[in-house]
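To start, the structure itself, in structure tokens.
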Amino acid sequence: MTDNSRKPSLFALKMQKRQRNQQNSMSIESEFNESPFGTASVLLSGPEATDIHKENIQKLSSMSVEEVLKAKHELMNSIDGKVIEFFKSRRNNNFNHGKYDIKSADTDKVQLQDKNIENKMKNLPHIKNLVNNGLNMDVIEEDKLGWTGDVNIENQNQEIYSARFGLDGKLLPYAVKNKTTVDGLHHHGEEQHRPGYTLDELYSFLRKNHAPQRILSLDILAKLINNASTYDTVLTKPLLCSIMDSGVFILFRMALDDTNIAIITNAIQAIGSLFSRQSDRKMLNGLSGCNCDIALPVYIVSDAEIDQSELDKSSDYDLVVLDLVQGALRTDLIIRLQYIVFNMNIGLKSLVDISEILTGIASRGEKYAFIIVETNLYKHLYSLVFTSLQSNDLSESFIYLTRVISSKSVKCAKKILELKILYSIFKYIHTPTKTPLLLECLYLWQTFFEYKLADQTITEVANLVLKFVDRSIGLSSDLTKTDLALMSASLSLIESALRNFGQVYIDPIYQLTEVILSKLLLNSKLPNFEVSKLIGNCFSVLSSINLKFNDLTMKVVAYLDKHFGKMCEILCDNSWLMNNYINNSPKCYPNLGYINLTLNEGEPLFILIGIMKFMYKNPKHFDVPIQFWTYLNKLMKSSIEVSHWYSRYEIIFLIYFLKTLMNNNFELESTHKIVITLMSFIPKFMAEDLCYDLNLFFSSSYIERIKFKSNFEILKSFYEMLIPIAKSTCASILITELNPVLPKDWLFIPIIRIHETEYFKSSKEGETLLKEALANILFMETHYPEISEQTPLAARYCRVACTFMCGRRGTIFHEVKSVLNQIWHIYASHNRNLNFKDPIQGIESFYDFYKTLCEHYVSVSYSDPVFGAYILLPLQRKHSVELRKLVWSEIDLPETINIDEEHLIKIPLNNYIEPVETNEELLKMYSRAWSLRRKLIMYKIAISHLKQL
């Protein structure tokens, strides 16, 4: 037993053993000739003990002293010291050789090895009953028997402690009170009082040679990964990021090379969980077909978009942590999976997991999708799904994989069509057995239509889909969720055919949609998600037909008059643009993140999109409720940078709503408010809509309202140059293209670009651009302050102040002095919000920026009062003393800074002199004010402080 002091190191133990053996060897040498071997063995017992003892004596007698000592020395070095002590105790104790009374309970023979044994025995009271109650129980080692005692629960009140997970992959509480010994998950490692395993312990199991431990670890990690996002709010770091950053895929991949089929199956399950993106799949399944849109994301790893030669230099571990897909491909993952499928007997569940892995790889982009479709593994899965097996789970997963591949490019879609897959899925459509599988078949069919492929199947669309919709509609009964989902998908397919191939047997289609709308629009309650989706798709279908629907239009107007206000209230409270978006996905394998929304509750967004599409094609005046403008005002004030997948639906609604209002010749000032709001929301893949919005922004009516002598063509051209050429097709969208084209501070981009570009800074075109940008900023600050206030006041100050450092010889500010002065007054009126201590986006150090600005003031200002007002603003007492030291450290600055009386009225002198300055270094600088030649504002500030001392 050991005490509570620190245990000796391994080296110290080794040295103690060596010294003990040397001492034993010396004592044995001196006693060798003096001690007889004895007549019986001390250690052995039983019928053969005497014969063995005699053989040992004969062997020893034939050896010389040196040989005996050498052999004894070797034995002493090879046997543990405690064993030697045990041998000695057998000789020293008064035993009857060859006999041992197992029932003897002489406690005097117990050898205790710890000074504090009494304290430790309190934790193990049952050990006393074991003393001399069994073979070799005369020496009790508490350390070895400690696991048999009660667990001492410690540190229950820790705020932060290591996460432990159960066999089901779920996070366990700090401690669990078990009613019986079989309850809970027990272990004998660190934190014995806590149930479950940590990630490090699970990783250590993966490295073991013991197969059950590896299987257990793989099973727990697979379940844990599936539950990972659930615990992001209670862990210090997102769980999935921790797992990915550990490079655990390497361990999974090593397990895949095992020969044990159970290990291989669990490894496939774990890798499948790693690649599955379950939360994304769930949301994409629900949103697919909404407003006839089936686009899928292309997941780009920005950090891995570097030269291939640099990636080749990375180790396998580094590449996996940087980009999971590329790292997995380097390990020949697909080849290994292909070998397993062809040569081992794995179950259907493993085939589904393999399909999920291939889907994750294909989602990375066109190159990776094409790699998948050309493998024998994909073709083998194809044959299993459409010939040999009848597994709905595998079929659904495989068809989704095929849809992902097809959506990446025309090239990939054509490669899929070469397999005649479209005709193979018709059997699922004709004889549907499972709704999700049928939905995937319809969406895959539509994917080919989006690329204007599979036109030979057009003739089957109307008859097949109309027959199915007609069967599902059940006009005499309530529609089920399944009916609604299938009808929406069918209408989405029809709309795609109409949009891409022209009119397809139109009469039955629009008659059917009118019947559906007539039933659904009569409902007095707002629709739920599935009904909203169906109504939106009906309107989208009618919008694809170049016909007018006067009767239906009147019904839509009546419906809007009744429900539009309530819908806008719901939008205002549950806006997808203003919702708190969270994305804790690892950089090496990103996902779409999530917002606080459910697709089962009432959601008016998709019905509004469909209605606005329809009203755009069928113009008719309707009233815009006050609730919409409340929603828009809230949206204008939102400073959230929106760049996620779910934001696009609300943006599409606003764009179609804007187009509808323009068609109805709605009030220009109100429509312009929508235009301005949309400027910082429209993503890169909707570049055409931004061009439309930009044209409305710089319309003649807006230019007239600015009242500035310019047509703003240069400013408009500047923003048009920022709009990228859209790369995404209608079947896939790069997640990098979800970022808005223009940032929240888009008003100030021209000034920043001029300041950073030498050509613009000194060119006449740049000066014109600067003037137009300042006029635009002033108008927006005055009339739409909500847009300007999305950028912090300190950042707006810095961006406008850059004007003083632009133009030929830095004197352009003289030509826009009036505009700069008006902007200064606006900023001064919000002086309480001015804070230069917090980080300012785009500026590494405000001190350095301000220093450069002061240097320009000395060089080109000629004591200009407007420039002086901008210089003086950061010198208020509430801002950093270092800025005031900077100004007074320059000889020329204090006697050249000049402002007008209007500036002191806006920000009074008290802001600069109260409270009294306490910094001794700055006070010494103030004493130089007596020698200033020009007694301007800085002189007044310094003298006021000195007089108050």
Side-chain angles (χ1 to χ4, degrees), residues 244 274-290 293-306 308 311 322-329 334 355-374 378 397 399-416 440 443-444 446-451 453 581 583 585-594 642-649 651-652 682-688 724-741:
M244 291 291 193
L274 211 58
F275 278 84
S276 65
R277 291 192 178 104
Q278 286 189 356
S279 59
D280 284 9
R281 178 77 175 273
K282 181 180 179 181
M283 293 301 299
L284 289 172
N285 284 345
L287 294 174
S288 289
C290 288
D293 178 14
I294 60 165
L296 293 175
V298 179
Y299 298 90
I300 300 297
V301 180
S302 301
D303 292 346
E305 296 298 309
I306 58 178
Q308 186 61 41
L311 293 176
L322 179 67
D323 185 348
L324 178 63
V325 171
Q326 292 199 57
L329 292 177
I334 297 177
S355 181
E356 293 290 342
I357 295 170
L358 298 181
T359 301
I361 295 173
S363 298
R364 181 68 170 77
E366 179 186 358
K367 179 179 75 172
Y368 304 92
F370 205 77
I371 290 174
I372 298 298
V373 78
E374 288 195 315
Y378 175 83
S397 180
I399 292 175
Y400 181 74
L401 164 62
T402 305
R403 180 184 158 205
V404 169
I405 294 172
S406 302
S407 69
K408 294 299 169 276
S409 68
V410 177
K411 180 181 177 182
C412 292
K414 288 180 177 178
K415 190 69 178 179
I416 294 293
E440 287 301 332
Y443 294 145
L444 175 59
Q446 182 177 342
T447 301
F448 296 121
F449 282 174
E450 297 298 337
Y451 288 117
L453 299 174
Y581 170 71
N583 192 339
S585 62
K587 292 183 179 180
C588 67
Y589 195 70
N591 59 40
L592 299 180
Y594 55 91
V642 179
S643 59
H644 56 80
W645 181 264
Y646 313 106
S647 65
R648 63 198 190 98
Y649 298 101
I651 295 171
I652 290 172
I682 298 177
K684 294 177 182 177
F685 78 93
M686 298 175 66
E688 292 183 4
I725 300 174
K727 296 179 181 178
S728 293
T729 65
C730 49
S732 66
I733 298 173
L734 298 174
I735 59 171
T736 53
E737 293 184 347
L738 296 172
N739 299 325
V741 177

Interatomic distance, Cys290 atom SG to Tyr649 atom OH [nearest 0.5 angstrom] | 6.0 Å

Minimal heavy-atom distance between Leu592 and Asn583, with the atoms involved, is C-ND2, 3.9 Å

Return the minimal non-hydrogen interatomic distance between Trp645 and Ala295, and the atom names on each side.
-> CZ2-O, 3.3 Å

Chi angles and distances behind the side-chain contact (heavy atoms from CB on, under 4.5 Å) call for Asp280, Tyr299 | CA-CA 11 Å; Asp280 284 9; Tyr299 298 90; 2.8 Å; yes

Please work out whether the ring planes of Tyr589 and Phe275 are parallel, tilted or perpendicular, with thresholds of 30° and 60°.
-> perpendicular

Test item: Pro297 and Leu284 side chains (from C-beta on) under 4.5 Å apart, heavy atoms | yes

Measure the shortest side-chain to side-chain distance between Phe370 and Lys415 over non-hydrogen atoms and say whether it is less than 4.5 angstrom.
-> yes

Step-by-step side-chain contact (heavy atoms from CB on, under 4.5 Å) determination, Val298 to Arg364 = CA-CA 6 Å; Val298 179; Arg364 181 68 170 77; over 6 Å; no

SG-CG distance between Cys588 and Asp323, expressed to the nearest 0.5 angstrom | 7.5 Å

Between Lys408 and Ala362, which heavy-atom pair has the shortest distance, and what is it?
-> CE-O, 3.4 Å

Provide the closest heavy-atom pair for Ala731 versus Tyr451 in the form atom of the first, atom of the second, distance.
-> CB-OH, 3.5 Å

First locate atom CD of Gln278, then atom CG of Asn591, and finally report the distance between them rounded to the nearest 0.5 Å.
-> 11.5 Å

Audit row: Cys412, Val373, side-chain contact (heavy atoms from CB on, under 4.5 Å) steps and yes/no | CA-CA 8 Å; Cys412 292; Val373 78; 5.8 Å; no

What do the steps show when you test Leu296 against Tyr400 for side-chain contact (heavy atoms from CB on, under 4.5 Å), and what is the final call?
-> CA-CA 11 Å; Leu296 293 175; Tyr400 181 74; 4.2 Å; yes

Mind checking whether Pro683 and Glu737 have side chains closer than 4.5 Å, heavy atoms only?
-> no

Mark yes or no for whether Asn739, through its side chain, and Thr736, through its backbone, hold a donor-acceptor pair below 3.5 Å.
-> yes

Donor-acceptor under 3.5 Å (Ser407 side chain, Ser732 main chain) = no

Please indicate whether Glu688 has more than 12 foreign heavy atoms, meaning atoms of other residues, nucleotides or ligands, lying under 6.0 Å from its CD.
-> no

Given side chains that start at C-beta, do those of Leu738 and Ser647 come closer than 4.5 Å, heavy atoms only?
-> no

Student check: side-chain heavy atoms of Val410 and Lys414 closer than 4.5 Å = yes

Heavy-atom side-chain proximity of Asn285 to Glu440 below 4.5 angstrom = yes

Hey, what do you get for CG (Leu401) to CD1 (Ile361), rounding to the nearest 0.5 Å?
-> 10.0 Å

How long is the gap from CD1 on Ile405 to CD1 on Ile372, to the nearest 0.5 Å?
-> 6.5 Å

Measuring from Ile294:CD1 to Phe449:CZ, what's the distance to the nearest 0.5 Å?
-> 10.5 Å

Closest heavy-atom pair, Ser397 versus Glu356, reported as atoms and distance to 0.1 Å, is OG-OE2, 3.6 Å

Do any N or O atoms from the side chain of Tyr443 and from the backbone of Ser288 form a donor-acceptor pair under 3.5 angstrom?
-> yes

Listed by chain and number, what are the side chain to side chain donor-acceptor pair (under 3.5 Å) partners of Thr359, not counting sequence neighbours?
-> none

Please answer whether the main-chain N or O of Gln326 pairs with a side-chain N or O of Tyr368 as donor and acceptor at a distance below 3.5 Å.
-> no

Between Glu305 and Lys587, is there a salt bridge with N-O shorter than 4.0 Å?
-> no

Contact summary for Leu322 and Val301, nearest pair of heavy atoms | O-CG1, 3.5 Å

